[in-house]
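The figures here come from the full heavy-atom set of this structure, side chains too, leaving out hydrogens, waters and symmetry mates. Every chain is numbered from 1 and lettered A, B, ... according to where its sequence line falls, protein lines coming before strand lines. None of the values given here were measured: they were computed from a predicted structure.
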Amino acid sequence: MVCGEENLDHDVYSACGSDMMSDVLAYVKDQAVLLTGLVNSQVIRTAEMMDMVCIVFVRSKKPTEDMIELARESGIVLMTTEKRMYEACGLLYKSGLVGNGVKHE
Amino acid sequence: MSESVRFRFNVDGSNFTTAGQASVQVKKNLRELGIPAEAIRRVSIAMYEGEINMVIHAHGGEAEVIVFEDRIEIILSDHGPGIPNIELAMKEGYSTAPDNIRSLGFGAGMGLPNMKRYTDDMKIDTELGKGTTITMTVKF
């Protein structure tokens with residue numbers, strides 16, 4: 001847990017994993033959790049634009065202070081894991097967090 | 001014309017880190033105005049993509065958001081190089097963004113198509129060497 005402890009009671013049902021924010025903005029629909037290995041302020045802003053509530057940084061990536069501040073302002077939960085993207089996604093998927101399909105006309 | 005609310009922002013083109021600040025602010029403002037959530041989401045995403053484009057390609061510019069009774073208009077103007085081939089630029093996956101932008105998570109060639117997808121109407125006025133103005137409308 002990096003920040004957003006106070007928002008941990010929020011239920012989430014779907015997630016997506018990507019290092020490409022362009023793709024998150026283009027293909028994601030109603031996913032609440034973003035898994036990414038990318039570390040910059042745009043990750044937080046992308047999540048905020050998509051109404052996501054939680055970002056998990058994979059491969060032990062650590063968000064910067066600026067990013068943590070942005071996430072706090074938006075009430076977004078930040079977490080980090082040493083697991084790689086594939087494994088982190090797999091674990092969450094196995095626990096019932098689905099991908100929710102790609103809705104893209 | 002019915003009463004409208006207007007927000008204006010300067011988009012700083014020199015700093016990729018701060019790109020998107022105007023969109024974050026607009027999202028907050030629209031929430032305070034009680035605009036339907038789905039419309040806010042569409043406006044935010046379209047404007048955010050536009051803002052990122054302005055920073056990547058055009059050294060920033062100006063953003064204006066006008067809230068009408070039944071729709072929101074987003075006007076993004078820059079004094080950048082212009083878009084040489086709009087048809088090509090509208091193609092998904094086509095991008096002229098430099099590699100360093102791709103390493104920051106953008107430049108997948110989804111910006112303009114995405115802006116069109118999330119809005120009800122999008123108009124591009126562009127002149128080579130002069131700049132580009134994009135006007136988008138989201139109805140609610």
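Smallest separation of non-hydrogen atoms from Gly107(B) and Met20(A): C-CE, 4.1 Å. Taking all atoms of both residues into account, the shortest heavy-atom contact from Met21(A) to Phe106(B) is CB-CZ, 3.4 Å. Scanning both residues, Lys27(B) and Met49(A), for their nearest heavy atoms gives NZ-O, 3.2 Å. Of all heavy-atom pairs spanning Ser22(A) and Glu49(B), the tightest one is O-OE2, 4.4 Å.
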Exercise for the section: Apply salt bridge (charged side-chain N to carboxylate O under 4.0 Å, His left out) to Asp19(A) and Arg102(B), showing your working. Expected result: CA-CA 10 Å; Asp19(A) 287 352; Arg102(B) 259 180 281 276; over 6 Å; no
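In this structure a side-chain-to-backbone donor-acceptor pair under 3.5 Å is present from Arg41(B) to Met50(A).
In the hydrophobic clustering of ILVMFWY residues, with side-chain heavy atoms under 4.5 Å counting as a link, Met52(A) and Leu97(A) come out apart. Leu25(A) and Val33(A) end up in different hydrophobic clusters when Ile, Leu, Val, Met, Phe, Trp and Tyr side chains are linked at under 4.5 Å. In the hydrophobic cluster analysis, where Ile, Leu, Val, Met, Phe, Trp and Tyr join through side-chain heavy atoms closer than 4.5 angstrom, Leu33(B) is grouped together with Phe9(B). Criterion: ILVMFWY side-chain heavy atoms under 4.5 Å apart, direct or through other members. Under it, Tyr118(B) and Val67(B) are part of a common hydrophobic cluster. Note on Val77(A) and Ile55(A): separate hydrophobic clusters, where clusters join Ile, Leu, Val, Met, Phe, Trp and Tyr whose side-chain heavy atoms are under 4.5 Å apart, directly or indirectly.
Proximity to chain A (any heavy atom under 4.5 Å) is shown, for Ile40(B), by neither the backbone nor the side chain. Within the 4.5 angstrom heavy-atom criterion, only side-chain atoms of Tyr48(B), from C-beta onward, approach chain A. The part of Ser103(B) that comes within reach of chain A is its backbone (N, CA, C, O), which places non-hydrogen atoms under 4.5 angstrom from that chain. With a 4.5 Å cut-off on non-hydrogen atoms, Phe16(B) touches chain A through its backbone and its side chain both.
Put simply, NZ on Lys28(B) and CD on Glu73(A) are 5.5 Å apart, with the number rounded to the nearest 0.5 Å.
Residues from residues 35-48 of chain A that place a non-hydrogen atom less than 4.5 Å from a non-hydrogen atom of chain B comprise Leu38(A), Asn40(A), Ser41(A), Gln42(A), Arg45(A), Thr46(A), Glu48(A), given in numerical order. Contact annotation for residues 56-65 of chain A against chain B (heavy-atom separation below 4.5 Å): no residues qualify.
Annotation for Lys116(B): atom NZ does not count as buried by contact number, only 12 or fewer foreign heavy atoms lying within 6.0 Å. The neighbour count for Glu6(A) CD, taken as heavy atoms of other residues, nucleotides or ligands under 6.0 Å away, is above 12.
Chain A forms more heavy-atom pairs under 4.5 Å with one residue of Thr18(B), Val43(B), Ile52(B) than with any other, namely Thr18(B).
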